[in-house]
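Remember, it's 1-based here, ligands and their atoms both numbered in the order they're listed. By convention here, the first residue in the shown sequence is residue 1.
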Amino acid sequence: MSNIEKVIEFLTGKYSFNQRVGIILGSGLDIFNNSILFSIEYREIPNMPLSTVPGHKGRLDVVKINNTSVIIMRGRYHLYEGYSSKDVVLPVEVLKGLGVEILAITNASGGINETYVPGDMMLIKDHINLTGENPLIGSPNFVDMRNAYSPRLREQFKEIGKSNGIELKEGVYVGVKGPTYETPAEIRFFRTIGGDAVGMSTVLEVIRARSLGMEVVGISSITNVHRDETSSVTHEEVLEMGRRISKNLEILLKEWIRRGI
Ligand code: HPA
């Protein structure tokens with residue numbers, strides 16, 4: 001039995017899940033703390049690695065929003081921590097194994113698009129995977145990545161944004177390995193190839209989710225913006241701005257679930 005099968009057997013043997021919707025939360029995006037039905041720490045789950053970065057918890061929460069329960073993964077694995085692409089996609093595989101068919105992935109990212117300001121939220125319409133990794137290597141799985149970010153779900157979020165007065169940008173997410181932030185030359189390159197935001201997560205998870213037939217929506221919190229040679233960024237800033245954006249992100253996600261998707 002593979003590690004992931006053991007994790008799912010452990011979870012389904014101990015707890016009851018019947019969820020269609022799963023959410024992966026990014027750095028500093030600490031939301032849905034008031035409606036938790038039950039939680040399982042990753043460290044209680046045999047074969048589940050632990051995240052090593054401040055600001056990243058390792059916990060699975062089942063949360064009740066109106067009458068829908070949703071599984072939240074707080075804590076993901078990053079390539080820059082030394083994890084493999086197979087480790088990085090574990091939370092997606094766990095969610096799929098627990099019955100999730102619709103996956104919302106959130107992250108903190110740096111703005112590349114010069115019209116963005118810190119605090120913006122961006123619906124991901126497409127990505128460019130510059131990590132040099134792919135979780136499907138080893139299984140000849142030629143997944144179609146057109147419309148990987150569901151146009152149907154994007155429309156729903158745009159509509160919810162409009163009716164709640166929350167502005168949502170829409171753009172292309174560039175996925176890199178990290179852990180260094182980008183040089184000005186790299187940012188110019190990403191802008192030239194059509195990137196709007198850059199971050200160190202998401203792309204591998206989306207590839208795996210699509211290979212498992214899940215419908216995906218991705219939302220980036222723009223915690224900092226790369227403007228010129230003088231704009232700098234720190235991990236603390238990213239976490240702090242993530243927290244400030246959390247309120248609107250929670251409104252969007254709650255309303256999305258409340259409407260029944
Ligand atoms: N670059 C990469 N990842 C990030 C950034 C950034 O500027 N901000 C938050 N995550």
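Ring pair Y77/Y42 is tilted by interplanar angle, where 30° to 60° counts as tilted.
Residues N107 and S220 approach most closely at OD1-OG, 2.7 Å, considering heavy atoms.
When each atom of ligand 1 is checked for a heavy atom of H226 under 4.0 Å away, the hits are 6 (C), 7 (O). Atoms of ligand 1 found under 4.0 Å from any heavy atom of T223 (numbered from 1 in listed order, with element): 8 (N), 9 (C). Ligand 1 places these atoms under 4.0 Å from at least one heavy atom of E182: 1 (N), 2 (C), 6 (C), 7 (O). Near G199, meaning under 4.0 Å from any of its heavy atoms, are these atoms of ligand 1: 2 (C), 3 (N). The distance from ligand 1 to the heavy atoms of N224 drops below 4.0 Å at these ligand atoms: 5 (C), 6 (C), 7 (O), 8 (N), 9 (C).
Considering only non-hydrogen protein atoms, atom 5 (C) of ligand 1 sits nearest to G110 N, 3.4 Å.
With hydrogens and angles ignored, the 3.5 Å screen pairs no side-chain donor or acceptor of N164 with any backbone N or O of I166.
Taking the six-membered ring where the residue is Trp, the centroids of H226 and Y181 are separated by 6.0 Å or more.
With no hydrogens or angles considered, no side-chain donor-acceptor pair links N141 and S139 at under 3.5 Å. A side-chain N or O of D61 and one of S39 form a donor-acceptor pair less than 3.5 Å apart.
Some N or O of A108 is nearer than 3.5 Å to an N or O of ligand 1, by distance alone.
Counting heavy atoms under 4.0 Å from ligand 1, residue V198 touches it through both backbone and side chain.
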